[in-house]
Student: 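Here it is, the structure, as structure tokens.
This chain uses plain numbering: 1 for the first residue, then up along the sequence. Whatever order the structure lists them in is the order used to number ligands and atoms, beginning at 1.
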Amino acid sequence: MRIPDAAPGARILAFGHYQPAGIVTNDDLAKTMDTNDEWIQSRVGIKERRVAGAEESLEDMATQAGGKALAASGLPADEIDLVIVATCTLETQIPNAAAIVAHRLGISSPGAFDVNAACAGFCYALATASAAVRGGAARNVLVIGAEKLSQWVDWTDRSTAVIFADGAGAAVVGPSDVPRIGPVVWGSSGDKSDAIIIDERDTFLRQEGQTVFRWATTTLHPVAKEACERAGVDPADLSAFVPHQANLRIIEAIARKVGAPDAVIARDIVTAGNTSAASVPMALSRMIERGEVRSGGLALLLGFGAGLTYAGQVIEIP
Ligand code: UT7
């Protein structure tokens, strides 16, 4: 038996993102439910979010983001051996999104699978892609986080409708002479699996907001710190911290506890809402686009959500 030579490391070559055109403001929501702009901004941090129309599918958004990342990487489609889509909001279980997206992008016969680790999904998929490249299972991997949460939200339930949104973010992962994607720290708390749930086929997402809030603000900063430690990176040397965009108060609480004084903190939630598995790659892709972070800087990623699941790693910004 033989195994292929492993690459010494993996890196992200490029990011891409896509947001649907439809903007929903807090005032728009206040017209149909008992909420208001002041409550949403002060409790969650969202000013507006993007929501896809009925004609735009999760696969459409994933294809847009994946196509942008692929174009920015400069790689031809035939050098992608594996496509992974992180999502928890497909409309149907079969087929998976990854094979459809790969086909639409002209990537012929790659490995293609979806990952469901909810809002932590992109960080799980990135770790899997990095391992596949380092282990010789794929030359390059297209990793996409894509969600159409709007189709799983009850638009009369103010506890979820004001939070969740749609979008997609993507990254191309390839080999590197030195590690540029650090070791993942991942885990789960299945004892809290009821905290964010879609009970049955014909029901909507509901969450015990305060349970998740407490868990996120008290148990995740050690995960973030461990991801730095395992990568041999001092948080003081981080140039960006990109946690899942769940709630601005959660983002700021974790950032304070991690203590990365020079890091730009992703606050994409303000205009993008909570897009679950799409939020981390979309936030970083938008920060790169706005020129807020420099190529070669180190970014700490941290995904967390339903399961409950979490995963984090340090990466070098392409
Ligand atoms: O991405 C997946 C991971 N999910 C998360 O990380 C979510 C974590 N949890 C949260 O972000 C927060 O718990 C929420 C944003 C979901 C809720 O914020 P909160 O500060 O925990 O509010 P609450 O549920 O304690 O509600 C406070 C008050 C209540 O009224 P009373 O009982 O104090 O009179 C609610 O009825 O705010 C009321 N309320 C609202 N008012 C206006 C709840 N939702 C709304 C609303 N608009 N949309």
Student: Under the criterion side chain to side chain donor-acceptor pair (under 3.5 Å), which of N26, T271, N274 is the partner of R49?
Tutor: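 For R49, the side chain to side chain donor-acceptor pair (under 3.5 Å) test succeeds with only one of N26, T271, N274, which is N26.
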
Student: Go through ligand 1 atom by atom and flag the ones less than 4.0 Å from a non-hydrogen atom of N247.
Tutor: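 Going through ligand 1 atom by atom, the ones under 4.0 Å from N247 are 10 (C), 11 (O), 12 (C), 15 (C).
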
Student: Is there a path of hydrophobic side-chain contacts, each under 4.5 Å between heavy atoms of I/L/V/M/F/W/Y residues, joining V184 to V115?
Tutor: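 Same cluster.
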
Student: Is ligand 1 under 4.0 Å from a heavy atom in the side chain of Q207, in the backbone, in both, or in neither?
Tutor: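 The part of Q207 near ligand 1 is the side chain, not the backbone.
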
Student: Among H17, E292, Q19, exactly one meets side chain to side chain donor-acceptor pair (under 3.5 Å) together with R286. Which residue is that?
Tutor: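 The passing option is Q19.
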
Student: So is I163 in contact with ligand 1, going by heavy-atom distances below 4.0 Å?
Tutor: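 Yes; I163 lies near enough to ligand 1 that a heavy-atom distance drops under 4.0 Å.
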
Student: With a heavy-atom distance limit of 4.0 Å, tell me whether F213 approaches ligand 1 through its side chain, its backbone, both, or neither.
Tutor: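 Under 4.0 Å from ligand 1, F213 contributes backbone and side-chain atoms.
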
Student: Between E147 and T87, do the side chains contain an N or O donor and an N or O acceptor separated by less than 3.5 Å?
Tutor: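 A donor-acceptor contact under 3.5 Å links the two side chains.
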
Student: So is there a nitrogen or oxygen of G209 less than 3.5 Å from a nitrogen or oxygen in ligand 1?
Tutor: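 By distance alone, the answer is yes.
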
Student: Between R206 and D154, is there a side-chain N and carboxylate O pair less than 4.0 Å apart?
Tutor: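 Not counted as a salt bridge, because no side-chain N and carboxylate O are separated by less than 4.0 Å.
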
Student: If you measure every N or O of N274 against every N or O of ligand 1, does any of those distances drop under 3.5 Å?
Tutor: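 Yes.
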
Student: Got more than 12 heavy atoms from elsewhere within 6.0 Å of CD, Q41?
Tutor: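 Correct, the count exceeds 12.
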
Student: So, are R267 and E252 salt-bridged, with charged N and O less than 4.0 Å apart?
Tutor: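 Looking at R267 and E252, the cut-off is met.
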
Student: Side chain or backbone of T35 under 4.0 Å from ligand 1, or both, or neither, by non-hydrogen atoms?
Tutor: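 The answer is both, backbone and side chain.
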
Student: Under 4.0 Å, heavy-atom basis, I'd like to know which part of I196 is in contact with ligand 1: side chain, backbone, both or neither.
Tutor: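 Contact part for I196 vs ligand 1: side chain (C-beta onward).
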
Student: Which of the numbered atoms in ligand 1 are under 4.0 angstrom from any heavy atom belonging to V44?
Tutor: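 Close to V44: 15 (C).
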
